[in-house]
> 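What follows is a single structure, and I will ask about it in a moment.
Both backbone and side-chain heavy atoms feed into the values below; hydrogens, waters and symmetry mates do not. Convention: sequence-line order gives letters A, B, ...; per-chain numbering from 1.
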2 protein chains.
Amino acid sequence: MITKKELSLCPVETTVSLISNKWKTLILRELLSGTKRFGELRNGISGVSQKVLTQNLRSMEDDGIIGRKVYAEVPPRVEYFLTDLGNTLRPIIDAMAEWGLGYQAMVNNSNETNVASR
Amino acid sequence: MITKKELSLCPVETTVSLISNKWKTLILRELLSGTKRFGELRNGISGVSQKVLTQNLRSMEDDGIIGRKVYAEVPPRVEYFLTDLGNTLRPIIDAMAEWGLGYQAMVNNSNETNVASR
DNA sequence: CAGTATCCAGAGCGATACTG
DNA sequence: CAGTATCGCTCTGGATACTG
């Protein structure tokens, strides 16, 4: 559910309190391309343990950013997806992706003179 | 300076590796409005300790996001500011601020059933 | 398959004291 | 004022084992 304590903070702090975590951002990146199963998320996010992935998924579910659908099957199948609220975070992730591309390009070019383009 | 290991990661991971931290985002928010002294940052960012603030400032300085200018005065004065690179992060912080505003408004509306009569 | 439960090492942080 | 150094403690997070 949605907690109220964030409301006392500034907008940036509100956002930071929900997605500041490294893994949450990467989970968002994964889910922006569509619904994913638990195993797909674990495989898609390099370096995350099952425990930490589960913890973050639960936290994001509690915050209303992602949804979780459990299929009553054997073997079990659980799908995660962005809620409408989660989808509104897309511009932030897009901005981060775009910046990351620019940064990577800059680092590649900065081997000689990184003050050339100003 | 700029490390190269981030280049092996996807763009989002690159960005996350530099500003995923809660405090770094808030430091950016502070510095987006201009140069700040150490004490101003400490006062402006609620809940951060001197040690953690220093650690994050050093890390961001190493990443080339912020600059640090020491005045040879007594008492000492140290100013922090965004580098050109740091300034390019502005769209991300702006996106987070905008999202935070929308989220706060949404939470307020979702609670109106409870606070209908006031 | 997708978890939960438990244990444990280590990072991270606060508090404190000291320095240029 | 703006740090650095050190000491404990907390609490995250990895590894492992077990379950619906």
Side-chain angles (χ1 to χ4, degrees), chain A residues 3 5 9 13 16-31 34-63 65-83 86, chain B residues 3 5-6 9 13 16-28 30-31 34-63 65-83 86:
Chain A
T3 57
K5 58 174 183 285
L9 308 172
E13 267 187 272
V16 161
S17 68
L18 294 180
I19 63 163
S20 66
N21 178 300
K22 168 186 178 180
W23 301 120
K24 289 185 181 179
T25 310
L26 297 178
I27 291 170
L28 283 175
R29 181 199 60 187
E30 292 294 312
L31 293 183
T35 294
K36 292 265 166 59
R37 295 185 60 171
F38 183 84
E40 290 178 299
L41 291 175
R42 191 184 43 209
N43 294 332
I45 302 174
S46 154
V48 71
S49 70
Q50 183 184 38
K51 178 183 175 178
V52 172
L53 178 56
T54 300
Q55 284 175 346
N56 281 287
L57 287 171
R58 291 289 172 280
S59 171
M60 294 169 77
E61 194 185 351
D62 289 344
D63 291 334
I65 293 173
I66 65 173
R68 177 172 178 262
K69 180 173 173 76
V70 181
Y71 293 85
E73 300 175 353
V74 175
R77 182 157 58 110
V78 180
E79 288 182 349
Y80 293 92
F81 52 91
L82 291 182
T83 60
Chain B
T3 58
K5 59 173 183 283
E6 289 90 358
L9 308 172
E13 268 187 90
V16 161
S17 69
L18 295 180
I19 63 163
S20 66
N21 178 299
K22 169 185 178 180
W23 301 120
K24 289 184 182 178
T25 311
L26 297 179
I27 291 170
L28 283 175
E30 292 295 312
L31 293 183
T35 294
K36 292 263 166 62
R37 296 185 60 172
F38 182 85
E40 291 178 299
L41 291 175
R42 191 183 46 211
N43 293 332
I45 302 174
S46 154
V48 71
S49 70
Q50 183 184 38
K51 178 183 177 180
V52 172
L53 179 57
T54 299
Q55 283 174 346
N56 281 287
L57 288 170
R58 291 290 172 282
S59 171
M60 294 169 78
E61 193 186 351
D62 290 343
D63 291 333
I65 293 173
I66 66 173
R68 178 171 177 264
K69 180 170 172 82
V70 181
Y71 293 84
E73 301 175 354
V74 175
R77 181 157 59 109
V78 179
E79 288 182 349
Y80 293 91
F81 52 91
L82 292 180
T83 60

> Check whether any side-chain N or O of Tyr80(A) sits under 4.0 Å from OP1 or OP2 of dC1(C), and answer yes or no.
no

> Once you round it to whole Å, what is the distance between P of dT12(D) and NZ of Lys24(A)?
12 Å

> State whether Arg68(A) places a side-chain N or O below 4.0 Å from either non-bridging phosphate oxygen (OP1 or OP2) of dA2(C).
no

> Would you indicate, yes or no, if dG3(C) has its OP1 or OP2 atom less than 4.0 angstrom from a side-chain nitrogen or oxygen of Thr54(A)?
no

> Can you tell me how far apart CZ (Phe81(B)) and CD1 (Ile66(B)) are? Round to the nearest 0.5 Å.
8.5 Å

> Please report, rounded to the nearest Å, how far the C1' atom of dC1(C) is from the CG atom of Leu57(A).
14 Å

> Distance check, rounded to the nearest 0.5 Å: Leu53(A) atom CG versus Ile45(A) atom CD1?
5.5 Å

> Any chance you could lay out the side-chain contact (heavy atoms from CB on, under 4.5 Å) test for Asp63(B) and Lys24(B), step after step, and finish with the verdict?
CA-CA 12 Å; Asp63(B) 291 333; Lys24(B) 289 184 182 178; 4.2 Å; yes

> To the closest 0.5 Å, what do you measure between NZ (Lys36(A)) and CD1 (Ile27(A))?
11.5 Å

> Round to the nearest Å and state the distance from Gln50(B) atom CD to dC1(D) atom C1'.
9 Å

> If I take atom OG1 from residue Thr25(A) and atom CD from residue Glu13(B), how far apart are they, to the nearest 0.5 angstrom?
10.5 Å

> Are any of Arg58(A)'s side-chain N or O atoms less than 4.0 Å away from OP1 or OP2 of dT4(C)?
yes

> For dG20(C), give the paired nucleotide (Watson-Crick: N1-N3 plus N6-O4 or O6-N4; G-U: N1-O2 and O6-N3; both under 3.5 Å), or none.
dC1(D)

> Would you please confirm or rule out a distance under 4.0 Å between OP1 or OP2 of dA2(C) and any side-chain N or O of Arg37(A)?
yes

> Over how many whole Å does the gap from Glu73(A) atom CD to dG3(C) atom P extend?
14 Å

> In this structure, how many angstroms lie between the P atom of dA15(C) and the CG atom of Leu53(B), rounded?
15 Å

> Atom CD of Glu40(A) and atom C1' of dG3(C): how far apart are they, to the nearest Å?
16 Å

> Take atom CD of Glu61(B) and atom P of dA2(D), then tell me their distance rounded to the nearest Å.
15 Å

> Please report, rounded to the nearest Å, how far the P atom of dT4(D) is from the NZ atom of Lys51(B).
12 Å

> From the list dG14(D), dG14(C), dG3(C), which nucleotide is the closest neighbour of the side chain of Phe38(A)?
dG3(C)

